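Have a look at the structure below before the remarks.
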Amino acid sequence: QVTIVESGGGLVQPGGSLRLSCTASGIGDVWYIIGWYRQAPGKEREVVALINSGGGSEGTADFAKGRFTISGDKVKKMVYLQMNDLKVEDTADYYCCLSHFGNDYWGRGTQVTVSS
């Protein structure tokens, strides 16, 4: 079974930084895409950034460009989301999802709160 676990969320002031981590287990050396998503209170879930198992970008949301960077460690099967210059509107639950063989495997999320 594929298991996804996110970590790294927390409380940060506007302009601050956080690095989120996503760890995937139960999957071999196959092709897949891992994405970071977020859902703010009262809003729908949206894509933040996507990366494939080869380390190539599969897309980045406009709000994330220039501030957020997705990266991965293929050997460790970990994906990171470096978030800089955080804004209050970045407050949300952040989720990691691995897509493989037409299936999506979601983590339970990690909360990010940006507040002064």
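None of the values given here were measured: they were computed from a predicted structure. For the single chain, residues carry numbers from 1 onward in sequence order.
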Could you check if a side-chain atom of [X] sits within less than 4.5 angstrom of a side-chain atom of [Y], using non-hydrogen atoms only?
X	Y	value
Met83	Trp36	no
Glu46	Phe63	yes
Leu20	Val112	yes
Gln13	Ser115	no
Ile70	Tyr80	no
Leu98	Ile27	yes
Trp31	Ile33	yes
Ile4	Cys96	yes

Are [X] and [Y] linked, directly or through other ILVMFWY residues, by side chains that come within less than 4.5 angstrom of each other?
X	Y	answer
Tyr105	Ile34	yes
Leu50	Val2	no
Val12	Phe68	yes
Tyr95	Val5	no

Thinking salt bridges, do [X] and [Y] make one under a 4.0 Å N-O criterion?
X	Y	value
Glu6	Arg108	no
Lys87	Asp90	no
Asp93	Arg45	no

Distance in Å, [X] [atom1] paired with [Y] [atom2], rounded so as to fall on 0.5 Å steps:
X	Y	atom1	atom2	result
Arg38	Gln111	CZ	CD	13.5 Å
Ser25	Lys76	OG	NZ	15.5 Å
Leu81	Cys22	CG	SG	10.0 Å
Thr23	Met78	OG1	CE	3.5 Å

Residue Asn103 excluded, over 12 heavy atoms near CG under 6.0 Å: yes
Might you point out which heavy atoms bring [X] and [Y] nearest each other, and give the distance in Å?
X	Y	answer
Ser17	Asn84	OG-OD1, 2.9 Å
Pro14	Ser116	CD-N, 3.7 Å
Leu86	Arg67	CA-NH1, 3.9 Å

Tyr37 meets the ring pair (Phe, Tyr, Trp, His ring centres under 6.0 Å) criterion, sequence neighbours left out, with Trp106
Under the 3.5 angstrom rule, does the side chain of [X] hit a backbone N or O of [Y] as a donor-acceptor pair?
X	Y	result
Arg19	Gln82	no
Thr110	Gly9	yes
Thr113	Thr91	no

Under 3.5 Å side-chain donor-acceptor pair for Asn52 and Glu58: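 Per modelled atom types, Asn52 and Glu58 side chains form a pair under 3.5 Å.
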